Every structure is written in C-alpha cells, then in structure tokens.
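Data first, discussion second: the structure below is written as structure tokens.
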Amino acid sequence: MINLEKGQRVNVDVQQFSIGLGWDTNQSNTGVDFDLDASAFILGENKKLLSDENFVFYNNLKSPDGSVIHTGDNLTGEGEGDDESILIDLAKISPLATEICFVVTIHKADERKQNFGQVHNSFIRVCDKNEEIMKYELEEDFSIETSVEFGRLYKKNGQWKFEAIGLGYKQGLQEFINKYN
Ligand SMILES: [Ca+2]
Ligand SMILES: [Ca+2]
C-alpha cells in the first residue's frame, strides 16, 4: 500500500479509481443521525466547474461524460465498508477537464451542531483496482471540522496525477459550490 502524506503527489497509471466514504451509525446528543456526503467537482483550466452537471453529488449522480459516478446517498452510515462511493473512469473524461476535486461534508452540520470528531469510525479513502492509495481517518485527523477537501486528480502535461490535500474546514458543501462556480 502507498500511504500518502498530506501534500504528496503521485503519478497515476491506472484509469479507474474509487473513492470510498464510510462511517458508523450513531446519533448526536440531539438525537439526530450523522449524514456524511462525498462529492466531486470536475474543473477546467480556470479552476471552475465545466458545467453545473459536472458537480457530482447526492442529487446529481453522474457527470455528463460518464467519467464520474456517485453510487447514491447514504443518510445514516448504516452498512459495512464504504457507505458512499464515487467511481472514476479517466478513459471517459472530457478533454476539457484538467482537475477533479473531492470533498467530504456533513449534511446540515451547522444546524445539527455536528463535526467529524463526533462521527464514529469515519474515513475517506481512494483505491485503484488493486489497492488503497490513500486513507484519512476523519474522526482523528479532522475532529473539529465539518468538511474536508481530501484530494484531487489533476492533469499535467497530459499525465494524470493524484494529490493528497487533507485540508479541513468549518464550512459546508455550499462554500465549495461557491468556490468552484
Ligand atoms: Ca450522505
Ligand atoms: Ca457504515
């Protein structure tokens, strides 16, 4: 297994990846479930979304080129292993795309007064066909945060690379949407 440190970059020589987000069911003090969400932003040269449909998340499960597919929203973390997955196939990606950014957020974190430190056994990982190439334990690494920009795929000189970013924020999905629109 390659274990990436924050900021570390690796060339990727496979076309297919999966992003897996997992967490255990539990309820906050207020008796509300934790609903974590994995999302992807497909960006062009200008670091903005190629189009609205290139924001792939629980309400838009597939990019127009079919390169990024979200397998569906999980509202509670019920189930083993990856509770939400995003599948990437670089063979299908639009030639205009130069970057795919991946984030994890907690749905309504503000309203529900939640952060990653309260979510049991939460993780985000990136796997290629054969192995896990990166994994963050969200509960430990981002205890007071409500969102994490955990990595990006980007194209440089025709070669796709993966960068582990690992930046936590106290903000929601809307702030990422604003940033990339
Ligand atoms: Ca969810
Ligand atoms: Ca689970």
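Model, not experiment: these values are computed from the prediction. Note that ligands are numbered from 1 as they come in the structure, with each ligand's atoms numbered from 1 the same way.
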**Request:** Not counting sequence neighbours, which residues clear salt bridge (charged side-chain N to carboxylate O under 4.0 Å, His left out) with Lys48? List them please.
**Result:**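 Residues passing salt bridge (charged side-chain N to carboxylate O under 4.0 Å, His left out) with Lys48: none at all.
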**Prompt:** Would Gly77 count as a contact for the Ca ion (ligand 2), in the sense that one of its N, O or S atoms lies under 3.0 Å from it?
**Reply:**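 Short answer: yes, at least one N, O or S atom is under the cut-off.
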**Item:** Trp23 N/O/S atom closer than 3.0 Å to the Ca ion (ligand 2)
**Value:**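 It does; at least one qualifying atom falls short of 3.0 Å.
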**Request:** Could you tally the protein N/O/S atoms lying less than 3.0 Å away from the Ca ion (ligand 1)?
**Result:**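 The number of such protein atoms is 6.
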**Item:** side-chain contact (heavy atoms from CB on, under 4.5 Å) partner of Gln15, the single match among Ile88, Asp89, Asp128
**Value:**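 Testing Gln15 for a side-chain contact (heavy atoms from CB on, under 4.5 Å) against Ile88, Asp89, Asp128 leaves exactly one candidate, Asp89.
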**Request:** State yes or no: are the ring centers of Phe176 and Tyr169 separated by less than 6.0 Å?
**Result:**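 Yes, they do, as the ring centres are separated by less than 6.0 Å.
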**Atom CD of Glu137 with >12 non-hydrogen neighbours under 6.0 angstrom** =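 More than 12 heavy atoms, drawn from other residues, nucleotides or ligands, come within 6.0 Å of this atom.
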**Asked** Tell me, do Asn54 and Pro64 make a side-chain contact under 4.5 Å, heavy atoms counted?
**Response**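 Touching, per the 4.5 Å side-chain cut-off.
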**Message:** Any salt bridge linking Asp82 with Arg125? Criterion: basic side-chain nitrogen under 4.0 Å from a carboxylate oxygen.
**Reply:**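 A salt bridge is present here (some side-chain N lies under 4.0 Å from a carboxylate O).
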**Message:** Does this structure show an ion pair linking Glu99 with Lys155, if we count only N-O contacts that are shorter than 4.0 Å?
**Reply:**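 No.
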